[in-house]
Protein chains: 2
Amino acid sequence: MGTIYDLAKKTGFSITTVSKALNNYKDVSEKTRAKILQAAVEMDYLPNAHAQSLSTKKSWAIGVMFSEANEVGMKHPFFNGIIESFRHATEEQGYDLIFASRNLRNRDMSYLEHFKHRAVDGIVVICSDRMDEQVQELMRSDIPIVVVDMDSADCSVVYSDNIEGARLAVNYLYELGHRKIAHLAGDETTDAGTARVEGYKLAMQGLDLPIQPGYLVNAGFFSVEEGKQAMQQLLDLEDRPTAVFVAGDQMAIGAIEAIHENGLHVPNDISVIGYDDIEMIQYITPKLTTIRQDTDEIGEAAAELLLEQMTAKERSQERRIIPVKLIERASCAPVKE
Amino acid sequence: MGTIYDLAKKTGFSITTVSKALNNYKDVSEKTRAKILQAAVEMDYLPNAHAQSLSTKKSWAIGVMFSEANEVGMKHPFFNGIIESFRHATEEQGYDLIFASRNLRNRDMSYLEHFKHRAVDGIVVICSDRMDEQVQELMRSDIPIVVVDMDSADCSVVYSDNIEGARLAVNYLYELGHRKIAHLAGDETTDAGTARVEGYKLAMQGLDLPIQPGYLVNAGFFSVEEGKQAMQQLLDLEDRPTAVFVAGDQMAIGAIEAIHENGLHVPNDISVIGYDDIEMIQYITPKLTTIRQDTDEIGEAAAELLLEQMTAKERSQERRIIPVKLIERASCAPVKE
DNA sequence: CGAAGTACCGAAAGCGCTTTCGGGAAGAGG
DNA sequence: CCTCTTCCCGAAAGCGCTTTCGGTACTTCG
């Protein structure tokens, strides 16, 4: 492959000139630049990224960190859409993504430490757990950062409009005639969870609907199983709801399972509306009506915010809230009688 | 954060000694090592990875490349499971994953070039397209590599036992009494596709079942939509099959949709068995019977093969075939009458 | 024809680390 | 007391690149 030094020897110029030719400095004549470039392709020379980073202090790498309760990592059906879109957007600018382990030569270290070690130019964290110590540490650092799906005053964030999403869901159910509307909530340690609860309460209030006791149940961390269990609690109630707004699609799938297992029908007996619009829900029965979060937009916005900081070389504290949309499918119906 | 030089100044030792202390050389006394380590935590020193890689020629990074027809990247419901497991396994050994863009400072380059530029220690490619020029190039290089889901004599590979999987599926349908068994195949440019076709033919032959004309249809690149269209072809046949073995779960979902839209019932009218066992199929109706590929095992095997090469510093050509398993759910039933 | 630009090139220092090699001090052995 | 080890430590070169700064050679202009 060869180094810049080999190129110098081959062409007869100094390594300085070679480097300049390669980097489009203008104090090198067209003629010699051409020769050097030519020689470069001949010996298919490639610059060594480490050497470059060492002297320029720029690594063209972005560290990514996931933090979610279920530890599914890239299998997360919602987060992986965001990351994919983020990747596209940053790739265009020449950045690579690095997924850091927390293990440096068998020495434990925090993500922040690892990212500093790797000298990444910026960090993206996709995080649902507000309390995550590691994430806090990252946010307090001075590396450009953007966090997705969580709010914070300390750094730039992007998340979708959870309040509005909840309002959309509740109002939609209301328009279908439902009055007994329950909410299967995401855990309050997550911003998404709490915001949707807030939106639910606000919407109910705006509609002059009381929240009956037991109608607001914490369904944990957005898993199918937790959704199922939480729905069972609703079904055990004396006065069952006729519709339920579920804070996540996977939980909604669990909820529907519970309803079916109790011999009831969705949406005829109970309407269910989810949140996220992950791919699989268009294939289940009934196809799930949901609030769509635009993963593409979220990823792009995150990329944009991070890129800005990296080029400006200063941290920002911008808040980008991405609009959501109601996707009508088949899991909601007008209330009976 | 400081450099090794700062540490030297602070402790009064030379940078040589500091470096040695940090790297557990034994020609530095316990006393001075302790002092240096102490000073290191005090100024929370972290070694610069680029500088280290530059002088050691080891980057502790593994390049990952996806290559699949639908360009969904990390959203791929099967591949992302593999990558996640691969990540876990390599993380334990202290490696980071890097997803390279094909764009270096707005200069196009191949993945191989980019990986060389980044000086990764190894490469994992998850690839379904046998013809991918980029993948070919990677395989021909001298960097340690492991490729998943594809066969090759040039490098170490891991994929699951597609022949056996197909046999399992066909035999299962046979035992349910089916004789008219069709196959919705993955495209022949993919190894997984062709292998399953081969397994299908072998199994049919072993059972003395002729493959009726039109019963083997290419359903393309494993998408829902393609599965649906291919199934429609089957349904348009004079003599419809009573069971169909579909080369991928997503295609199977499409197939079921097509069947339903034609007013038929799964599994009462037609049995469907899929392949992969992606998460969502346990939530559709009917729950899909399928051949499970063990993504955890595949990822781990890939990691193992790659790690071996990286420590041995020589390429291997091992072939690791991961067993598959029939997962019985609700989309297959005994043949009618 | 001399002075002031202008265009092009290279020496050298520096980025932060590793590793070889040699050397001094202390202890062991005769 | 002298030699031979053993134990510690440091000088220095090197990894591959960037960038400042200065220096030639050549134009241009008055």
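Proteins come first, then strands; the chains are lettered A, B, ... in the order of their sequence lines, and each starts at number 1. Owing to the predicted nature of the structure, the values given are computational and were not obtained by experimental measurement.
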Salt bridge (charged side-chain N to carboxylate O under 4.0 Å, His left out) partners for B/Asp151, two or more places apart | B/Arg319
Under the salt bridge (charged side-chain N to carboxylate O under 4.0 Å, His left out) test, which residues partner B/Arg315, sequence neighbours left out?
-> none
Contacts of type side chain to side chain contact (heavy atoms under 4.5 Å, CB included), residue A/Ala195, not counting sequence neighbours | A/Asn162
Residues in salt bridge (charged side-chain N to carboxylate O under 4.0 Å, His left out) contact with B/Lys35, at least two apart in sequence or another chain = none
Describe, as an angle rounded to 10 degrees, how the axis at the first end of the helix from C/dC1-D/dG30 to C/dG30-D/dC1 is tilted relative to the axis at the last end, five pairs per end.
-> 50°
Within residues 29-36 of chain B, the residues having a heavy atom closer than 4.0 Å to DNA chain D are B/Ser29, B/Thr32
Sequence neighbours excluded, which residues qualify as ring pair (Phe, Tyr, Trp, His ring centres under 6.0 Å) partners of A/Phe99?
-> B/Phe99
Distance-only criterion, 3.5 Å: show the donor-acceptor pairs between side-chain atoms of residues 70-79 of chain A and protein atoms not counting sequence neighbours.
unit_1, atom_1, unit_2, atom_2, d
A/Asn70, ND2, A/Phe221, O, 3.1
A/His76, ND1, A/Phe78, N, 3.2
A/His76, ND1, A/Phe79, N, 3.1

Could you note down all residue pairs passing ring pair (Phe, Tyr, Trp, His ring centres under 6.0 Å) where residues 29-55 of chain B supplies at least one of them, sequence neighbours left out?
-> A/His50-B/His50
Salt bridge (charged side-chain N to carboxylate O under 4.0 Å, His left out) against A/Asp27, all qualifying residues, sequence neighbours excluded | A/Lys20
Quick one: which residue pairs count as a salt bridge (Lys or Arg N to Asp or Glu O under 4.0 Å) with a foot in residues 135-146 of chain B, not counting sequence neighbours?
-> B/Glu133-B/Arg140
Polar atom pairs (N or O), protein with nucleotides 19-25 of chain D, under 3.5 Å:
unit_1, atom_1, unit_2, atom_2, d
D/dT19, OP2, A/Tyr25, OH, 2.7

